[in-house]
2 protein chains.
Amino acid sequence: MRSAAGARRPRPRARRGEGDRLRDEILDAAEALLLETGSADKVSTRAVASRVGVSSPSLYLHFPDRASLLFEVCQRQFDKLAALLAAACEGIDDPVDRLRAIGEAYCRFAIDNPQQYRTMMMDVVSGVAYEKDLDEIRAEVGFDIVYQAVVDGIEAGVFTSDQDPLLISFAFWCSAHGLVSLMIAKPSIGFGDPDALIEAVLGQTLDGVRAR
Amino acid sequence: MRSAAGARRPRPRARRGEGDRLRDEILDAAEALLLETGSADKVSTRAVASRVGVSSPSLYLHFPDRASLLFEVCQRQFDKLAALLAAACEGIDDPVDRLRAIGEAYCRFAIDNPQQYRTMMMDVVSGVAYEKDLDEIRAEVGFDIVYQAVVDGIEAGVFTSDQDPLLISFAFWCSAHGLVSLMIAKPSIGFGDPDALIEAVLGQTLDGVRAR
DNA sequence: TGTACATCAGTGAACGCGCGTTCACTGATGTAC
DNA sequence: TGTACATCAGTGAACGCGCGTTCACTGATGTAC
């Protein structure tokens with residue numbers, strides 16, 4: 001816990017029109033706090049302000065309330081995840097390989113950013129109406145590129161055409177999410193090498209949709 | 001919110017040795033509160049006491065602290081789930097049918113008791129060292145009976161023997177958990193008929209491990 | 001270049017709240033005689 | 001059966017805490033002249 005009067009000198013006032021600098025610092029601090037405490041409930045306006053080195057009322061110059069701040073922290077994570085997933089499948093033509101790459105990138109993100117993933121996908125962020133409809137979720141968690149890979153795979157004859165591609169995509173997502181959310185929620189289980197487990201579980205799920 | 005002085009008359013003192021009556025009422029109230037609020041953080045000692053119609057210090061006659069109370073609430077849920085799963089697969093010889101029955105019962109429990117499932121499997125219950133090791137988890141979430149069904153299935157030649165049965169079991173659990181935890185965490189997605197979705201996702205997962 | 005003034009980013013103190021927990025206590029129940 | 005006493009389940013008041021948010025304010029920055 002670092003106080004405004006502590007090690008760092010008092011922050012210089014933002015110049016006119018530089019308001020976004022503090023705004024970004026607040027978001028960074030909230031994100032860091034979320035990461036360290038592992039719980040959105042612990043990301044209090046006071047803790048965030050103290051970390052930035054600023055009084056807590058000054059958050060209200062940049063966000064209408066705590067819920068909006070937390071919402072935006074999550075939003076930045078979703079943007080990051082979407083970019084990661086898009087990058088992961090870029091240039092991979094084979095639908096099976098592409099699906100595997102997407103799944104691995106998704107799981108990697110979750111394992112590397114467990115507290116963010118928890119907040120995005122597992123928690124009720126208290127006071128935040130963080131309810132997205134299917135279209136938003138589809139874009140944000142990479143559902144669209146999963147779906148596209150599945151459709152391509154069915155067309156190429158490598159995936160079964162017995163099932164609705166939407167359902168196949170969804171089941172794939174369930175596997176990936178189930179795996180990483182268990183690893184995050186129940187670390188005491190002791191999962192061994194995460195990468196090996198990810199590969200094995202995704203591989204098995206992909207086998208389930210192969211054409212036969 | 002019902003106060004001690006409210007509608008119900010002041011609760012009669014427990015007789016000597018009847019201390020468990022209030023203890024059970026406290027657990028029931030905490031469980032009900034968890035269900036209604038959907039968040040373990042909201043299950044405060046004061047709210048529980050007020051619901052029972054008792055002063056909050058009296059909780060401390062039955063539980064050393066709030067964390068122990070919450071822990072026991074969760075423990076009762078795990079016991080209930082284990083019993084449900086055992087009942088679900090009773091008398092089903094075919095390993096595939098048995099596995100499907102276990103998975104469906106597991107998902108049903110989660111859908112019917114979303115807040116309890118959330119607390120048991122998705123949340124960090126604040127202040128509760130609710131860390132179980134693999135052996136406990138295996139027993140409590142029905143992992144052992146899943147594993148047995150998989151082993152039986154491999155022996156009977158209906159499941160692939162390419163994979164470690166432990167891994168097959170785990171991937172199955174990932175699917176089921178992933179499905180229900182998404183349904184619980186992101187209700188705004190709009191999942192349609194839950195039973196149909198459960199059947200489809202589990203069926204697809206089972207297809208992934210069929211011998212070919 | 002110098003001065004008076006306007007702007008507005010950030011502050012310090014305070015609000016009312018609910019929390020977990022402690023403590024000395026009360027008074028109904030049970031028991032010994 | 002009646003009485004004095006011991007037990008102990010449950011209480012009321014209080015503790016110190018951190019919270020989200022408000023409000024009147026300060027004082028550095030920028031601007032008009």
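What's counted below: heavy atoms across the whole structure, side chains too, no hydrogens, waters or symmetry copies. Chain letters run A, B, ... following the sequence lines, proteins first, then strands; residues in each count from 1.
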### Query
Which whole-number value in Å describes the distance from A:Asp20 CG to C:dA9 P?
11 Å

### Query
Taking CG from A:Asp41 and P from D:dG18, how many angstroms apart are they, rounded to a whole number?
16 Å

### Residues in side chain to side chain contact (heavy atoms under 4.5 Å, CB included) contact with B:Ala105, at least two apart in sequence or another chain
B:Leu85, B:Ala88

### Query
Quick one: does A:Val96's side chain get under 4.5 Å of A:Phe159's, heavy atoms only?
yes

### Message
Once rounded to the nearest 0.5 Å, what's the spacing between atom CZ of A:Arg46 and atom CZ of A:Arg66?
### Response
12.5 Å

### Range-with-range stems for DNA chain C, at least three Watson-Crick or G-U pairs under 3.5 Å
C:2-33 with D:2-33

#### Entry: Nearest listed nucleotide, side chain of B:Arg66, among D:dC23, C:dT21, D:dG10
C:dT21

#### Entry: All side chain to side chain donor-acceptor pair (under 3.5 Å) counterparts of A:Glu36, not counting sequence neighbours
A:Arg51

### Task
Would you please name every residue forming a side chain to side chain donor-acceptor pair (under 3.5 Å) with B:Asp65, sequence neighbours left out?
B:Ser68

### Message
For B:Asp152, give me all partners under side chain to side chain donor-acceptor pair (under 3.5 Å), at least two apart in sequence or on another chain.
### Response
B:Arg98, B:Gln148

### Task
May I ask you to verify if any side-chain N or O of A:Ser55 is less than 4.0 angstrom from the OP1 or OP2 atom of C:dT11?
yes

### Query
Hey, does the side chain of A:His62 come within less than 4.0 Å of C:dA9's phosphate (OP1/OP2), counting only N and O?
no

Review item, side-chain donor-acceptor pairs of residues 195-206 of chain A, under 3.5 Å, at least two apart:
from, atom 1, to, atom 2, distance (Å)
A:Asp195, OD1, A:Arg108, NE, 3.2
A:Asp195, OD1, A:Arg108, NH2, 2.7
A:Asp195, OD2, A:Arg108, NH2, 3.0
A:Thr205, OG1, A:Ser175, OG, 2.8
A:Thr205, OG1, A:Val201, O, 2.9

### Query
Which of these nucleotides, C:dT21, D:dT21, C:dT11, is closest to any side-chain atom of B:Thr45?
C:dT21

### Message
Among residues at least two apart in sequence or on other chains, which ones pass side chain to side chain donor-acceptor pair (under 3.5 Å) with B:Ser169?
### Response
none

### Message
Output the rounded distance in Å from CZ (B:Arg21) to C1' (D:dG10).
### Response
13 Å

### Summary
Rounded to whole Å, CG of B:Leu59 lies from C1' of C:dC19 at a distance of 13 Å

### Task
Could you tell me whether the phosphate oxygens of D:dA9, OP1 or OP2, come under 4.0 Å of any side-chain nitrogen or oxygen in B:Ser58?
no

## Note on the structure
From CG of A:Leu61 across to P of C:dT7 the rounded distance in Å is 17 Å

Which protein N or O atoms sit under 3.5 Å from an N or O of nucleotides 15-17 of chain D?
none

### Task
May I ask you to say what A:Ser44 touches in the nucleic acid, namely base, sugar-phosphate or nothing, with a heavy-atom cut-off under 4.0 Å?
sugar-phosphate

## Note on the structure
Between CG of B:Asp65 and C1' of C:dT21 the distance, given in whole Å, is 10 Å

#### Entry: Protein-nucleotide distance (A:Leu22, atom CG; C:dC8, atom P), rounded to Å
17 Å

### Query
Does the side chain of B:Leu182 come within less than 4.5 Å of A:Trp173's, by heavy atoms?
yes

### Task
Grab the CG-P distance between A:Leu33 and D:dG20 for me, whole Å please.
11 Å

### Query
Nearest to the side chain of A:Tyr60 - D:dA9, C:dG20, D:dG20?
D:dG20

### Task
Please list all pairs passing the salt bridge (charged side-chain N to carboxylate O under 4.0 Å, His left out) test where one or both residues lie in residues 69-90 of chain B, with sequence neighbours left out.
B:Arg23-B:Glu72, B:Asp28-B:Arg76, B:Glu31-B:Arg76

